[in-house]
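Presented below is the structure to which this report refers.
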Amino acid sequence: MPKWAMVIDLDKCTGCGDCMAACKVENNVAIVSPEQAEENRVMFWMDMMTIYEGEYPNIKVTRIPKPCYHCDNPPCIKVCPVHATYINPEGLVGQIYHRCIGCRYCMAACPYTAKVFNWYEPEWADEFKTCMNPDVSLRMKGVVEKCSFCAHRLQHVKEDADAEDRPINDGEYMPACAESCPADAIFFGDLENKESKVYKLSRSPRAFKELEDLGTEPKVIYLSKRE
Amino acid sequence: MEEKKKTTVDIDEALYRPIYETGKGFYITVGVLLMIILFAAFMYIRQVYYGLGVTGMNQPVTWGFYIVNFVFFIGISHAGTLISAILRLSKAEWRRPITRMAEVITAIVLAIGGLHPIIDLGRPDRVLNIFTAGRLQSPLLWDVTSITAYFTASTVYLYLPMIPDIAKLRDRGGKLRWFYDFLSWGWQGTEHQKKVLNRAINILMVMVIPIAVSVHTVISYIFSMTLQPGWHSTIFGPYFVVGAIFSGIAALLIVMIAFRKFFHLENYLKLIHFRYLSTLLLIMSLLWFYFTFSEYLTGIFGAEPHEMDVILYKMTGPYAIFFWGMVICNFIIPVIVLSFKKFKTIKGILFASITVVIGMWLERLNIVIPSLANPRLELSTGMYFPSLTEWSLFIGALAVFVLGYVLFSKFFPIISIWEIEEGREESIKEVEERVKSYLPGPAGTTE
Amino acid sequence: MEIKRRDFLKLLGSATGAVAVGTYGCHEIIDVPERLIELAKKGPGIETWKNTICGQCPAGCGIKIRLIDGIPVYLKGNPNYPVNRGGMCPSGHSALEVLFNPDRVKEPVKRIGLPGSGKWEKVGWEEALKIISGKLKELRNAGKTNQVAFINGSAQPGLMDKHISQFMKAFGSPNYFKLPSISNKTVPYKLMQGLDQIPSYDLLNTKYILSFGSNFLEEGYSPVYYTKIYSHLRELTGGGRAKLIQIDARMSLTAANADLWVPVKPGTYGALALGIAYVLIREELYDKEFVNKYSFGFNDWVDKKGMTHLGFKSNVISNYYPEQVSKITGVPAETILQIARDLGNNKPAVVLGDEGVVDNTNGTFSQMAVYSLNALLGNFEKDGGVYFVDDPPLADLPEVNEDEIAAKGNRQTPVAKSTDTDYPLTDFSIDAFTNNVLNDKPYPISVLFLYKGNPLFQSINHRDFSEALKKIPLVVSFDPFVTETSEYADLILPDHTFLEKWDEFYNTPSVGFAHVGIQQPIIDPLYNTKNTADVILELSNLIGQSVATALPFESYEKEIRFSTEKLYSSGEGAIITEGVKSSWLEYLQQRGWQIGRYNSFEEFWELLVKQGGWWNPIRTKKDYKDIFKTPSGKFEFYSQYFERVINKLIEKIGGESPENREKVLHSLNIMARGDKVFLPHHEPVPIDESMPLYLVTYKLLTNRDGQASNQPLMQEMFGYTVHEHWNTWAEINPETAQEYKIENDQFVWVESAIGSIKVRARLNPGIMKEVVAVPFGLGHTSYGRYAKGYGVNPYSILKSKYDMINGNQALQATKVKISSAT
Ligand SMILES: Nc1nc2c(c(=O)[nH]1)N[C@H]1C(S)=C(S)[C@@H](COP(=O)(O)OP(=O)(O)OC[C@H]3O[C@@H](n4cnc5c(=O)[nH]c(N)nc54)[C@H](O)[C@@H]3O)O[C@H]1N2
Ligand SMILES: Nc1nc2c(c(=O)[nH]1)N[C@H]1C(S)=C(S)[C@@H](COP(=O)(O)OP(=O)(O)OC[C@H]3O[C@@H](n4cnc5c(=O)[nH]c(N)nc54)[C@H](O)[C@@H]3O)O[C@H]1N2
Ligand code: SF4
Ligand code: SF4
Ligand code: SF4
Ligand code: SF4
Ligand code: SF4
Ligand SMILES: [Mo]
């Protein structure tokens, strides 16, 4: 069984934010009204963290793109009362929008603040509704959502591979963010496959995971020379 | 029989009076409360229609007033059943006039508290998913289970001891005879019935204690089962239970003082009751402080950075006012007021009780919000301002409580009449015997 | 169109894609367009991909659009396109919000109210074109063809530029202008090297990059291209890894990614460059062979008349010693020494500085100073150095046979060229344009066309420019949206958005190889709009005569085909293909590379459109004589060309005399005198000393020139790094904030001599203490529901100051004060 994982090379990432935009477009993530945005209700499945260190003028800035870490031991799914967030055998942590009762317990339990909530019914101008990605179902008010590792793409890739009766190649299943990153800083693949790029990178001495001591076992691995 | 009844009626007429005399004040109170409740209901319907966006919650502060009030109200609910059960169990004779009041608090407040998680749901229309797709591993499901159990047990526990009194009301006749007839369950006061009733009460009171303890423990699990700083703590279970009893006693004291005043029950609720209860409150205050102190001391000593972030946020950040307010309300004021005889007047006790209730509400606020507002990763600190909807529902909940109480006291005696009677008739003797039985017998005799 | 195997499978019903729409029934929860529901019912859609060029900014990335049943639903970078190699920037990703924007102008409209009243009425294409061609014919008949002006806001070299230019030339007007300041920014290269082009830098082979405020990862001409290169550089570890030193007043995205950030006072980077030159010269770290053999004016020199002139070296040695430079720039002398030594000892090392930093009154000289460092390092045509890319072998449009009228018109002075001595080195200055139009100098303007630009929002002197617009009797905007500028137009003839139209672009400035990108319609036009290029063809046919014959094309698409025929026949380069994918770096080095084979032009064209572009990574190094087109044929530290320009200006006002010279220099705001004028030097910026802080404006990746403000995704992402959405903010150093008692997140007034803006303060340690930085892009007063009324425009408080030599707006020359606004 593959175990899908993402590696983000912070030494290459410039913090350009394209992953955030690509993700929003690919996954039909709603754009909240400006007033809502002001109230901290924007929805980014891929968010951006900024860290400033040092004393002026020797300031170091690190920008860290932050999707859902698809923890192998996810605290978020443990608390869900209705099985609306789950981990599948391939390690993807998913959300079932139609079952979620909107208690937001999973959000409170996620140590990485990876989830967002539909405070209102998502709205689009009629024109924009035309160009929704049909592979990704739209959400409704009152449910939680988050980065899915673009699971719908895996579905497509599997069909292709099945049709041709072959295993999925390394790099064939690529989430939108990884695909568009101008710095090629995002890698994606199967950790169980020792030949895969992510497997190799995950063993790099630069590799680290956020809050590793929590035992959540994130499957998003960062690479960085500075700690 | 006839004669005796008459005399008792006369003695306890004060307890019946509110049921038969309805003043203008009653209608005004009920009217005002209903208006508040209707407004709250309207705000809630509005929330269901538009979504949780009408609240002040956001990311990362995904829980707000609703969860705070949930924990708070459930805490208050420990006033009743638990206290009355403990007092009953320990055969504390002074309990007689206060058990019912306490139990009523529990029943009403539990209903209110239990609704809060549903109010908090983004999709209340899907609440049945909890049954169709429930996941027993989720602490939220444990809550559903234990609150349901507690609610059932405590309403039954409230109801059973009411039966003899309801029968009395039935026998007095009047407009609502059918109502009391129905509720009195054919009570005739026969020895057999009394025996059965006592048995049932005894069984329930033993059952209810662990359930009550479990309820608040499980509520604490909602938080402590996560990995979040400020939440992930093993003492949360007892800490929450102690807090709950603490706030419950305070709430009970407030209710007692209110009824004593409005219903002129000075004869029933005597200073001694307040003295005992407030001593209990003082003990709980110290216990609460002990737990709070341990909780924060371990956090500060461990100085795990994220834990420290939250602690500092509480103690020195935007929440400092609430944090220190909590300490003052829950510890400093009650300890000062309740340790000195000078302050330990009814007024003093009322004051201390009110501060404790506020303080415990602040404690819940301090637990829920700061942990959420301080994400572990490098994200900006959250902000939470409750919206009008949340305030309305909070005030609405309080109004439901008062209304529930007012209506209850309109239909039922607020003090258990038969238990008072029983006390007068039997317990003095019984207590004497019991006390004797505690004392050492003549030397050499063993049982 | 490529239909993937999977699509057939989908048709057989084995797919999950659109089934998801069906089974989860999203239409029950949210209103999914009927069309999509219909499609979902019919079963999964057919997926196709089309390649085109992103039109969100001049960087010209290749993109791939995913269409389901012909409706675009997603886009990503074209992995084969050599500029961006599959990468994109956030703004590119909101392209569908341009196409489907609800505020598009859906058909030609005529203004019926006062300018700015927002009242429009429909007017058919035919009638609109009749009005315009009527007016144009009238002017032609009256021999006043020069009264027509055309402003093109696109900074991207491409066929459209030639197309408009051809039209204007055949019509007979010298007044075709490009708003972007590229033409202004190339002035220093013209002065020192004789070339009018933005250089490219061979960053891949360099060891040390010294960037003077060139925010190439965020603002540069092609941020994605540079991000690709830069991230590749960072991947290389050990000794081979290039170091990046970023000099800027604030911690820009590039500075944040640099190895060292050197804060410098705005407007002083010329001095800093010369301070570094001082050390290079003193410590003999410069390329002596290059300087001695191929440069002019390094040492003191004697002219034909026997006069001794000041050389670069003496000037630098006597005026720019590190302590002095430190005083001017605020950079510690040790830092200057360190940078200079690293620069001299880590060859190849390259110096960047051709972008934002020139946006000041002293831009030209500062940029010359920076560029002279590349000369000291002998960086020309060297691996890891500086070079200029060749134009691709595209066919030129047929020679224009100007008729009498046109020839006369073309001989007139362009209206955007100053009639005085100002702006001697540019044909376009928005300032000169505005003044001249307002004063009918040298003649009035009767018709103005506006294409792809929003100068009213973009220029610093809003008020005068809008007056000028009001004065012009017929203003025609081709914008697909109602912008601040189009509010003043009499007619809006909406262009297609870039996803609906044909166009051809080539050689994005500063990208390191020749390339051509083909923009093709990926969907039929949604509304009754027309490609402006086709409108121009129609207009030229309506005018007839030699104007029509100058553009003998049935459609713009045909014109693009025509221009690419030479690309085919030249046999150079190749259509971009999968094969190029492996490693483009190896590719660049692989010289014995075979071009693709195409049996006919048709085949070539089809493949070109399908793949999205052409490129030629091979460039043979040039001889110095081919790259130094100066009077001396060498790199000129001392610009003889500039000397001639000044002399001509002196001629113009009455001939050589100390007074006249003084007058000219004074009008150009040049404080230096003597030989220094023609040498790179530091000109102090005339700032408002009464104000304590510098205002620095900059542009974000999420909002290119303010044009992405009508896209909700970009509005939401506007300040993604600081979590600021739909709003402008001001970055302030925490110490400065403390001094003014300002707290994070509170509102402040930023006040200049011109006006003030209210913005939220964000404390940021990554900014100089004497600087307030406000991002540009928001504060629209028009431009649709998503743009209007959000944020503020920092340009509204910029002083109307220019680099008097190249006409560039001085965007960093305003000082401000701040105060709490709560
Ligand atoms: N994101 C984005 N990218 C763009 C565009 C856009 O609108 N948005 N436009 C494109 C176009 S058309 C062009 S012409 C180019 C222009 O690209 P640039 O010319 O690079 O853009 P500016 O915003 O003018 O750059 C200003 C930068 O220089 C710094 N700076 C300002 N003054 C000084 C100074 O005196 N000294 C130093 N050391 N630094 C200073 C500012 O902090 C800022 O980082 O960008 C292109 N790329
Ligand atoms: N104060 C100040 N002024 C500046 C600058 C600055 O930094 N500060 N920068 C200068 C520079 S470098 C530049 S490049 C300019 C940029 O100035 P502009 O060229 O005005 O830049 P944008 O705001 O990007 O204008 C884009 C406009 O073109 C329209 N448009 C987009 N696509 C199409 C199309 O296909 N057809 C047509 N007809 N219209 C289209 C958009 O709707 C939008 O209205 O501003 C210059 N002016
Ligand atoms: S797209 Fe790539 S470079 Fe840009 S922020 Fe995301 S990971 Fe970093
Ligand atoms: S990052 Fe958070 S949401 Fe994602 S799997 Fe881990 S705990 Fe769950
Ligand atoms: S919000 Fe939804 S997914 Fe999250 S715990 Fe509640 S029901 Fe589960
Ligand atoms: S993996 Fe997919 S869903 Fe997750 S952040 Fe990337 S694009 Fe978004
Ligand atoms: S840099 Fe961004 S906006 Fe510009 S062309 Fe490339 S993808 Fe489009
Ligand atoms: Mo530009």
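Computation of the quantities below employed the complete heavy-atom set of this structure, encompassing side-chain atoms and omitting hydrogens, waters and symmetry-equivalent molecules. Residue numbers start from 1 in every chain, and the chains themselves are labelled A, B, ... in the order their sequence lines are given, proteins ahead of strands.
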Query raised in the report: Has the side chain of A:S180 got a donor or acceptor atom that lies under 3.5 Å from a matching backbone atom of A:C177?
Result: no

Query raised in the report: With respect to chain B, which residue among A:M43, A:R99, A:K66, A:E39 yields the maximal number of heavy-atom pairs within a distance under 4.5 Å?
Result: A:R99

Tell me, side chain or backbone of [X] under 4.5 Å from chain B's heavy atoms, or both, or neither?
{"X": "A:K115", "result": "backbone"}
{"X": "A:C110", "result": "backbone"}
{"X": "A:V144", "result": "neither"}
{"X": "A:T216", "result": "side chain"}
{"X": "A:P75", "result": "side chain"}
{"X": "A:I64", "result": "neither"}
{"X": "A:D47", "result": "side chain"}
{"X": "A:L211", "result": "side chain"}

Query raised in the report: Aromatic rings B:F42 and B:F39: how do their planes relate, parallel, tilted or perpendicular, breaks at 30° and 60°?
Result: tilted

For [X], is it the side chain, the backbone, both or neither that has a heavy atom under 4.5 Å from a heavy atom of chain A?
{"X": "B:I67", "result": "neither"}
{"X": "B:V54", "result": "both"}
{"X": "B:Q228", "result": "side chain"}
{"X": "B:W142", "result": "neither"}
{"X": "B:H306", "result": "side chain"}
{"X": "B:L372", "result": "side chain"}
{"X": "B:S371", "result": "neither"}
{"X": "B:Y384", "result": "neither"}

Query raised in the report: Going by atom types alone, do B:Y239 and B:T292 pair a side-chain donor with an acceptor below 3.5 Å?
Result: yes

Taking the ring of [Y] and the ring of [X], is the distance between their centroids below 6.0 Å?
{"X": "B:F394", "Y": "B:W361", "answer": "yes"}
{"X": "B:W391", "Y": "B:F65", "answer": "yes"}
{"X": "B:F236", "Y": "B:F240", "answer": "yes"}

Query raised in the report: Measuring from B:T298:OG1 to B:I235:CD1, what's the distance to the nearest 0.5 Å?
Result: 6.0 Å

Query raised in the report: Is the NZ or CZ atom of B:K314 positioned over B:F322's six-membered ring, under 6.0 angstrom from the centre and within 45° of the axis?
Result: no

Query raised in the report: Is NZ or CZ of A:R104 both nearer than 6.0 Å to the six-membered ring centre of A:F117 and within 45° of the ring axis?
Result: yes

Requested in this report: Decide side-chain hydrogen bond (donor to acceptor under 3.5 Å, both in side chains) for B:H232 and B:E307; before the verdict, give the C-alpha distance in whole Å, the side-chain angles of both, and the deciding distance to 0.1 Å.
Outcome: CA-CA 10 Å; B:H232 191 50; B:E307 197 76 36; over 6 Å; no

